[in-house]
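Notes follow the structure.
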Amino acid sequence: MPELPEVETIARKLRPELVGKSIIKADLLWSRTLATPTSTKFKRQIAGQEIKAVGRRAKYVHIQLSEYHLFVHLRMSGDLYIKKGKTAPGKHDRLILDLTPSPSPFRRGETTRLVFNDTRKFGRVWLVRDPEEVIGGLGPEPLSDEFTTAVLYENLQSRHRQLKPLLLDQAFLAGMGNIYTDEALHMARLHPLAASDSVNREQAQALWEAIREVLKEGIRRSGASIDWVYRGGEFQNYFRVYDRKDQPCPVCGTAIKRLVIGQRGTHVCPNCQRIRS
DNA sequence: CACGAGACCTGTTCGC
DNA sequence: TGCGAACAGGTCTCGT
């Protein structure tokens with residue numbers, strides 16, 4: 001489910017609810033959800049921590065605590081949300097953090113919880129002192145100032161990889177997923193199988209612009225919501241190629257094709273996106 | 001180094 | 001209607 005825009009949307013929504021509250025206790029309902037440390041250590045270390053900030057790096061939700069950093073990766077089906085009031089855990093809840101009650105005089109003493117729900121159990125949570133332990137190997141943040149056309153061009157030249165798998169590689173660029181990669185390549189009129197070192201300066205410029213534009217549009221529309229996973233986004237109504245097999249390309253009207261590249265469904269306009277040219 | 005296949009999981013949709 | 005196959009927003013690890 002969640003790529004950069006969806007994770008950004010979730011982090012923005014959680015921030016005002018979480019900052020300033022403290023964690024009372026943790027309830028781990030699926031042990032493999034915890035990547036590090038051990039369950040015992042995790043529960044001991046997180047209890048009493050105050051939430052200082054909530055942000056995002058790549059596809060990780062980053063929750064800064066008084067002495068630790070909590071990272072959550074939603075992978076394919078994860079979601080993070082606030083649940084108020086005492087209720088039984090949901091079917092796919094994997095981790096529940098009890099928070100100090102809201103100070104509001106109208107809802108005095110009401111239980112507030114941060115719930116990590118994850119149907120497919122691929123999601124992971126880390127509690128560390130040093131953030132580098134989790135996010136140290138990531139490539140540039142695509143919407144940051146360090147990510148320039150020149151950086152993209154040089155990095156593309158320095159390897160010989162198919163464009164799509166390279167853009168999905170989080171060590172190359174952090175935050176792109178299957179949807180936004182297909183959309184960006186289409187916008188830049190580049191074929192997903194084109195070799196990275198075959199891309200010229202103009203094409204790198206177009207790709208840089210497309211990546212930023214597509215991600216910003218995704219954020220503006222609060223992400224994309226397909227089927228039962230993740231709700232609230234609107235970007236699915238504006239896909240140009242993703243999930244649009246056999247439907248017309250919005251640019252030229254040619255039927256969109258679906259390929260499989262690196263075991264991922266990949267959508268292209270066979271007319272707009274050609275390997276040579 | 002680049003790339004493909006298999007794992008990890010559950011749920012929904014598709015094809016016969 | 002039933003039932004197995006294919007597929008899903010991600011990433012890791014192994015073998016070639």
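All values reported here derive from a predicted model rather than from experimental measurement. Because only heavy atoms are used, hydrogens play no part in the values below, and waters and symmetry mates are left out as well, while side chains stay in. First the proteins, then the strands, lettered A, B, ... as listed; each starts at 1.
At a cut-off of 3.5 Å, with distance as the only test, no side-chain donor of K91(A) or N117(A) sits close to an acceptor on the other residue. For the residue pair T266(A)/K164(A), the side-chain donor-acceptor check at 3.5 Å is satisfied.
Applying the ring pair (Phe, Tyr, Trp, His ring centres under 6.0 Å) test to residues at least two apart or on different chains, the pairs with a partner in residues 120-143 of chain A are Y60(A)-W126(A).
Salt bridge R212(A)/E217(A): absent, no basic N to carboxylate O contact under 4.0 Å. A salt bridge links R161(A) with D169(A): the distance from a Lys NZ or Arg NE/NH1/NH2 to an Asp or Glu carboxylate oxygen falls below 4.0 Å.
Nucleotides dC7(C) and dG6(B) are separated by 14 Å at their P atoms, to the nearest Å. One P atom belongs to dG9(C), the other to dT13(B), and the distance between them is 15 Å to the nearest Å. Here the separation of dA5(B) from dA6(C), taken at their P atoms, is 14 Å to the nearest Å.
At the phosphate of dT11(C), OP1 or OP2 sits under 4.0 Å from a side-chain N or O atom of Q170(A). For H73(A), no side-chain nitrogen or oxygen approaches OP1 or OP2 of dG10(C) to under 4.0 Å. Checking the phosphate oxygens (OP1, OP2) of dG4(B), no side-chain nitrogen or oxygen of R161(A) falls inside 4.0 Å.
Rounded to a whole Å, the CG atom of L168(A) is 13 Å from the P atom of dC12(C). Atom CZ in R264(A) sits roughly 15 Å away from atom C1' in dC3(B) (whole-Å rounding). Atom pair K59(A):NZ and dC12(C):C1' shows a separation of 13 Å (rounding to whole Å applied). Straight-line distance from the CE atom of M76(A) to the C1' atom of dC12(C): 14 Å, rounded to whole Å. Counting to the nearest Å, the C1' atom of dA2(B) and the CG atom of D197(A) are 12 Å from each other. The distance from atom CD1 of I226(A) to atom P of dC7(C) is 16 Å, rounded to the nearest whole Å. As rounded to whole Å, 18 Å separates atom P of dA8(C) from atom CG of D118(A). Spacing between atom CG of L193(A) and atom P of dG4(B) amounts to 9 Å, rounded to whole angstrom units.
In the set dA8(C), dC3(B), dT11(C), the nucleotide with an atom closest to the side chain of Q162(A) is dC3(B).
Both the sub-6.0 Å distance and the 45° axial angle are satisfied by R221(A) relative to the ring of Y238(A).
In this structure, L163(A) and P192(A) have side chains that are not in contact, with every pair of non-hydrogen atoms separated by 4.5 Å or more. Under the 4.5 Å side-chain criterion, counting only non-hydrogen atoms from C-beta, T9(A) is not in contact with F235(A). A heavy-atom distance below 4.5 Å is not found between the side chains of V151(A) and E146(A).
In this structure, Y242(A) reaches the sugar-phosphate backbone alone: every heavy-atom distance under 4.0 Å involves primed, P, OP1 or OP2 atoms, never a base.
With hydrophobic clusters built from ILVMFWY side chains whose heavy atoms lie under 4.5 angstrom apart, V7(A) shares a cluster with L95(A).
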| Nucleic acid footprint by protein, nucleotides 6-16 of chain B - heavy-atom cut-off 4.0 Å, B for base, S for sugar-phosphate alone | B-BBBS-----
| task | Would you write the dot-bracket representation of DNA chain B, where each base gets (, ), [, ], | or . depending on whether it forms a Watson-Crick or G-U pair under 3.5 Å and with which partner? | result | .|||||||.|||||||
